[in-house]
Amino acid sequence: DNLASSLEFISGLEIKKDILRLLKVKPHVISELERKVGTSDRVLHRHLAELEYLGIVEIIKHEKSPHTGRPFKVAKLK
């Protein structure tokens with residue numbers, strides 16, 4: 001289900017495009033975005049931070065998941 005193949009180099013622009021394409025459909029939990037974009041959490045967080053700085057994306061921190069009881073973050077378009 002990855003939008004970009006994990007076997008090839010993915011440019012930063014392509015990663016941002018994939019993130020925005022997914023967020024246009026609905027907000028996503030960060031871990032879900034990692035799987036769908038096909039990149040590491042470190043790379044994804046860097047691109048999300050840039051998009052948040054530019055005022056395009058909002059990251060919402062939740063204290064506790066109703067399913068796991070652990071904290072989680074959701075990304076959505078502003």
Side-chain angles (χ1 to χ4, degrees):
D1 189 319
N2 287 354
L3 295 176
S5 170
S6 59
L7 299 177
E8 63 187 42
F9 174 78
I10 307 167
S11 74
L13 179 59
E14 289 303 314
I15 291 170
K16 287 180 184 71
K17 284 179 175 179
D18 286 347
I19 291 168
L20 294 173
R21 195 171 340 185
L22 289 165
L23 294 182
K24 280 183 183 177
V25 176
K26 69 179 180 99
H28 281 72
V29 175
I30 302 298
S31 59
E32 185 181 23
L33 276 177
E34 289 171 23
R35 286 189 299 277
K36 288 187 176 184
V37 174
T39 189
S40 71
D41 63 334
R42 176 186 264 174
V43 170
L44 184 73
H45 280 89
R46 187 178 73 234
H47 290 288
L48 284 171
E50 289 177 17
L51 291 168
E52 187 174 38
Y53 176 79
L54 294 171
I56 299 168
V57 168
E58 181 179 2
I59 307 296
I60 303 163
K61 297 176 185 177
H62 296 275
E63 294 296 319
K64 190 175 180 181
S65 164
H67 304 293
T68 65
R70 295 172 35 194
F72 67 102
K73 296 178 185 175
V74 173
K76 70 173 201 161
L77 292 178
K78 276 194 163 183

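None of these values were measured; they are calculated from a predicted model.
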Looking at CZ of Arg46 and NZ of Lys16, how far apart are the two atoms once the value is rounded to the nearest 0.5 Å? 7.0 Å
My understanding is that only residues two or more places apart in sequence, or in another chain, count here; which of them pass side chain to side chain donor-acceptor pair (under 3.5 Å) with His45? none
Any chance you could measure His47, atom NE2, to Asp18, atom CG, to the nearest 0.5 Å? 10.5 Å
Drop me the distance from Ile19's CD1 to Leu23's CG, to the nearest 0.5 angstrom. 7.5 Å
Honestly curious: do Leu54 and Ile15 fall in one hydrophobic cluster under the side-chain, below-4.5 Å linking rule? yes
CG of Leu77 to CG of Leu22, rounded to nearest 0.5 Å, is 10.0 Å
For residues Leu20 and Val57, determine if any side-chain heavy atom of one lies less than 4.5 Å from a side-chain heavy atom of the other. yes
Within a 6.0 Å radius of atom NZ on Lys24, are there more than 12 heavy atoms belonging to other residues, nucleotides or ligands? no
Closest contact, heavy atoms only, Leu44 versus Ile30: CD2-O, 3.6 Å
Could you tell me which non-hydrogen atom of Ile59 sits nearest to which non-hydrogen atom of Glu52, and how far apart they are? N-OE2, 3.4 Å
Interatomic distance, NE2@His28 vs CZ@Arg35, rounded to 0.5 Å, equals 10.0 Å
For Val25, the other hydrophobic cluster members (4.5 Å side-chain criterion, sorted by chain and number) are none
According to a hydrophobic-cluster definition based on side-chain heavy atoms being under 4.5 Å apart (Ile, Leu, Val, Met, Phe, Trp, Tyr only), do Val29 and Ile60 belong together? no
Treat each ILVMFWY residue as a node, draw an edge where side-chain heavy atoms are under 4.5 Å apart, and state whether Val74 and Ile56 are in one component. no
Other residues, nucleotides and ligands only: do more than 12 of their heavy atoms fall within 6.0 Å of NZ on Lys73? no
Those residues at least two apart in sequence (or on a different chain) that pass salt bridge (Lys or Arg N to Asp or Glu O under 4.0 Å) with Lys17 are Glu14
